[in-house]
Participant: 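If you scroll down you'll find the structure; I have some questions about it.
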Amino acid sequence: MCGIVAYTGNKKCKDILIKGLKRLEYRGYDSAGIAIISDSAAARSGPAGLEIKVVKEAGKINIMEKEAGVLKIDGNCGIGHTRWATHGEPTKINAHPHLDGSGSIAVVHNGIIENYAELKEELRKNGHKFISETDTEVLPHLLEEYYNGSLLAAMQKTIKKIKGSGTIVAISSRQPGEIIGARITSPLVVGISEDGNFLASDIPAILEHTRNFIVINDFETVRLTADRVEVFDRKGKVIKRKPFKVNWDIGSAEKGGYDDFMLKEIFEQPYGVEETMRGRLIDGELSFNELGLTAEQIKNLKKIQIIACGTSYHAALIGKQVIENWVKIPVEVDFSSEYRYRNPIVEDNCLFMAITQSGETIDTLAAIREAKSRGAKIVAITNVVGSTVARESNSVIYTHAGPEIGVCATKTFTAQIMVMYLIGLYFARTRGSVSKSELHKIISELKIIPQKIQNILKGADKIKQIADKTYKHTCFLFLGRIYGLPSAMEGALKLKEISYIHAEGYPAGEMKHGPIALTDENTVVVGIMPAGSVYEKILSNIQEVKARKATIFSIISQKDKNTKKYADYIFKIPETLEELYAILTIIPIQLYSYYIAKNLKRNVDQPRNLAKSVTVE
Ligand code: AGP
């Protein structure tokens with residue numbers, strides 16, 4: 001999830017691009033760059049006096065801004081990018097824009113190109129040279145390869161060649177004043193003004209220049225000049241599209257119209273989960289080269305050890321259950337802060353996994369160092385490319401949730417769960433521990449999880465109504481069993497973090513061993529009870545707390561007609577396989593915690609006493 005902005009018109013573009021990028025910084029902030037078609041006495045590749053000048057730097061946008069100021073580059077047509085690294089570390093060389101071999105085509109890209117390795121190979125054979133580790137760099141080279149006097153035609157050919165997701169925007173010094181954009185799946189809007197035309201990943205980037213927008217749809221291309229916008233369908237035919245007007249103020253626009261980043265990030269989960277699957281599940285086939293493990297090594301595994309903190313720990317608990325179920329090898333899960341001090345045993349043929357969205361949590365880092373010193377090989381699962389954990393691990397699996405601004409982890413959690421599912425299935429396939437037909441069934445179900453999350457999100461208003469009626473309670477117990485237990489624990493953590501209400505996430509069967517003493521009319525019990533092997537059990541547990549005057553809110557699956565007799569409130573989620581419910585049940589719980597906290601007027605994006613990455617012990 002990177003940010004793109006582009007402008008062509010009668011104004012100078014450097015400041016427009018840099019200001020636009022700053023408004024998109026929430027989409028990524030590990031490196032930034034601009035490319036401008038500039039007047040130059042020493043032009044090399046463009047028509048008389050024109051060449052593309054690029055400024056890019058690792059780090060925040062103001063570092064690149066300073067450099068652009070020193071170099072004094074400017075012009076009337078340019079593109080800019082703020083990066084959230086997916087392939088290649090956040091270095092200057094990997095930052096966008098990327099150039100073709102002749103230096104006359106510059107490209108920015110937001111997304112993932114799944115077949116970049118084979119494209120690179122093909123292009124190399126034709127003499128193209130690559131300097132970065134990114135997937136994006138194949139794009140300017142493909143454009144160069146296909147260029148025959150029309151950048152638009154080259155782009156239309158290029159998007160047919162690539163597999164993956166994204167938005168691509170390009171300029172060429174051979175066609176000054178022209179910008180070509182293409183959308184595969186990531187957002188792209190056109191802004192229209194009297195002083196010129198814009199492209200951007202999101203409206204806020206250009207809202208100060210125009211209120212008139214056109215949305216570009218999947219597989220469409222667009223050509224901008226200073227006074228013209230032309231949109232083309234996937235066959236290259238011109239489409240007429242009327243602009244619409246936007247009345248947002250800039251502050252709310254950065255959150256995409258949502259009140260808070262947390263809510264926006266909850267709603268981004270279908271995308272984060274889909275992106276995390278991308279390139280690892282292709283046409284029903286699993287691929288996990290990043291793991292760096294041979295089939296032989298996977299077959300010889302005797303145990304898996306996972307360490308993590310907070311929400312990531314809950315993702316690890318889900319991983320434990322699915323891996324043990326599908327792969328049939330024991331999985332031990334530890335809090336990082338405990339593991340490092342408990343004199344751990346590192347056995348042969350034990351795979352060590354560390355889950356951390358930020359990649360900077362000091363406890364997890366210290367646990368990794370401890371395990372490494374005892375001979376363990378580390379696989380990191382993180383959302384941040386180039387983070388310390390990523391650098392110190394032997395291999396890294398990135399979740400592609402995009403940057404998470406809210407302190408409370410939401411979309412990174414579901415992306416972590418997706419990685420756990422994918423690894424479990426990959427190992428099961430390699431070891432033959434799940435039959436082919438069963439594997440096929442699970443994969444088919446996994447592929448439609450993003451759609452199911454989308455359907456749950458449509459019920460947000462219903463969850464809000466339940467929160468409006470229950471937020472004054474003082475004790476919340478989240479109960480679950482088996483696959484529902486990590487969701488229960490995560491639900492309690494979410495509520496505590498952002499509402500400051502006491503909450504417990506507990507195995508429903510353990511209630512009678514103590515916590516049931518807490519239950520009275522001030523208690524809300526959230527029962528995570530989708531269809532499955534423990535449904536009847538948890539239904540009995542719910543009745544036990546109901547008898548003690550608790551208010552019951554049950555999260556159930558679509559076909560359940562039974563629970564509503566016992567619960568005060570129900571919320572239905574789509575049916576799926578028992579192992580996969582965890583990634584669905586957490587969505588209404590995140591929304592419920594969010595709306596309770598909003599009723600209590602809490603700052604959900606920056607809750608008291610908490611930080612996004614915990615870099616102190
Ligand atoms: C989650 O909402 C919390 N902010 C917190 O528990 C977090 O999950 C924990 O600090 C671990 O962070 P990490 O995933 O970045 O390592």
Side-chain angles (χ1 to χ4, degrees), residues 30 84 260-266 268-269 272 276 306-319 333-340 352-369 371 378-393 396-420 478 486-501 503 505 586-587 589-594 596-597 602-617:
D30 60 40
W84 180 257
D260 309 275
F261 279 111
M262 179 180 171
L263 190 61
K264 178 169 179 275
E265 286 156 6
I266 290 174
E268 282 170 352
Q269 289 180 106
T276 300
I306 316 182
I307 53 125
C309 301
T311 293
S312 300
Y313 175 81
H314 299 145
L317 293 178
I318 296 166
V333 177
D334 249 308
F335 288 112
S336 312
S337 52
E338 288 292 307
Y339 180 87
R340 56 182 296 203
F352 192 99
M353 291 202 262
I355 309 181
T356 163
Q357 65 79 21
S358 63
E360 300 295 344
T361 301
I362 197 73
D363 288 316
T364 302
L365 200 54
I368 286 174
R369 288 174 183 159
I378 319 288
V379 177
I381 296 160
T382 182
N383 199 44
V384 182
V385 176
S387 55
T388 315
V389 166
R391 281 186 273 114
E392 293 202 13
S393 299
V396 190
I397 296 167
Y398 288 108
T399 49
H400 296 307
E404 195 172 62
I405 311 292
V407 162
C408 199
T410 52
K411 60 177 182 171
T412 51
F413 179 57
T414 41
Q416 288 168 346
I417 302 175
M418 180 50 77
V419 167
M420 291 288 101
F478 290 78
S487 301
M489 294 165 76
E490 173 63 6
L493 179 66
K494 288 297 82 128
L495 190 67
K496 277 186 271 207
E497 279 188 298
I498 56 169
S499 71
Y500 320 144
I501 302 175
I586 193 58
I587 311 290
I589 297 173
Q590 292 168 342
L591 286 166
Y592 185 54
S593 307
Y594 170 82
I596 287 181
R602 308 294 193 225
N603 180 345
V604 293
D605 284 340
Q606 289 171 335
R608 70 183 183 200
N609 306 338
L610 297 176
K612 187 71 191 158
S613 44
V614 184
T615 51
V616 287
E617 253 202 83

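We count ligands from 1, going down the list as the structure has it; atoms in each ligand are counted the same way. Just so you know, residue 1 is the first one in the sequence shown, and it goes up from there.
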Participant: Any chance you could measure S312, atom OG, to L317, atom CG, to the nearest 0.5 Å?
Facilitator: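 Interatomic distance, S312 OG to L317 CG, rounded to 0.5 Å: 11.0 Å.
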
Participant: Give yes if a backbone or side-chain nitrogen or oxygen of G310 is under 3.5 Å from a nitrogen or oxygen of ligand 1, and no if not.
Facilitator: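 No, since none of the N or O atoms of G310 sits under 3.5 Å from an N or O of ligand 1.
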
Participant: How long is the straight-line distance from CE of M420 back to CD1 of I397, given to the nearest 0.5 Å?
Facilitator: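 I397 atom CD1 to M420 atom CE measures 7.0 Å (nearest 0.5 Å).
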
Participant: Please could you name the atoms of ligand 1 that K494 approaches to less than 4.0 Å, counting only its heavy atoms?
Facilitator: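 Near K494, the atoms of ligand 1 are 1 (C), 2 (O).
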
Participant: Measuring from atom CE of M418 to atom CD of Q269, what distance do you get when rounded to the nearest 0.5 angstrom?
Facilitator: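 Between atom CE of M418 and atom CD of Q269 there are 11.5 Å.
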
Participant: Suppose we screen for ring pair (Phe, Tyr, Trp, His ring centres under 6.0 Å). Which residues come up paired with F352, at least two apart in sequence or across chains?
Facilitator: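 Counting only residues at least two positions away or on another chain, F352 forms a ring pair (Phe, Tyr, Trp, His ring centres under 6.0 Å) with Y339.
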
Participant: With a cut-off of 4.0 Å, which atoms of ligand 1 are near a heavy atom of C309?
Facilitator: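 This gives 8 (O), 9 (C), 11 (C) as the contact atoms.
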
Participant: So, 4.0 Å and heavy atoms of E360: is ligand 1 close enough to count as a contact?
Facilitator: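 E360: no contact with ligand 1 (<4.0 Å).
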
Participant: With a 4.5 Å heavy-atom cut-off, do Y398 and T382 have their side chains touching?
Facilitator: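 Result yes, sub-4.5 Å side-chain heavy-atom pair found.
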
Participant: Which is closest to atom 15 (O) of ligand 1 in terms of heavy atoms, C408, S358, A409?
Facilitator: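 Minimum heavy-atom distance to atom 15 (O) of ligand 1 goes to S358.
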
Participant: Within ligand 1, which atoms have a heavy atom of T361 less than 4.0 Å away?
Facilitator: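 This gives 12 (O), 13 (P), 15 (O), 16 (O) as the contact atoms.
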
Participant: If we only count N/O pairs under 3.5 Å, is T311 in contact with ligand 1?
Facilitator: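 Indeed, backbone or side chain, T311 has an N or O that close.
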
Participant: May I ask you to say whether R369 pairs ionically with E392, meaning some side-chain N is under 4.0 Å from a carboxylate O?
Facilitator: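 E392 and R369: salt-bridged.
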
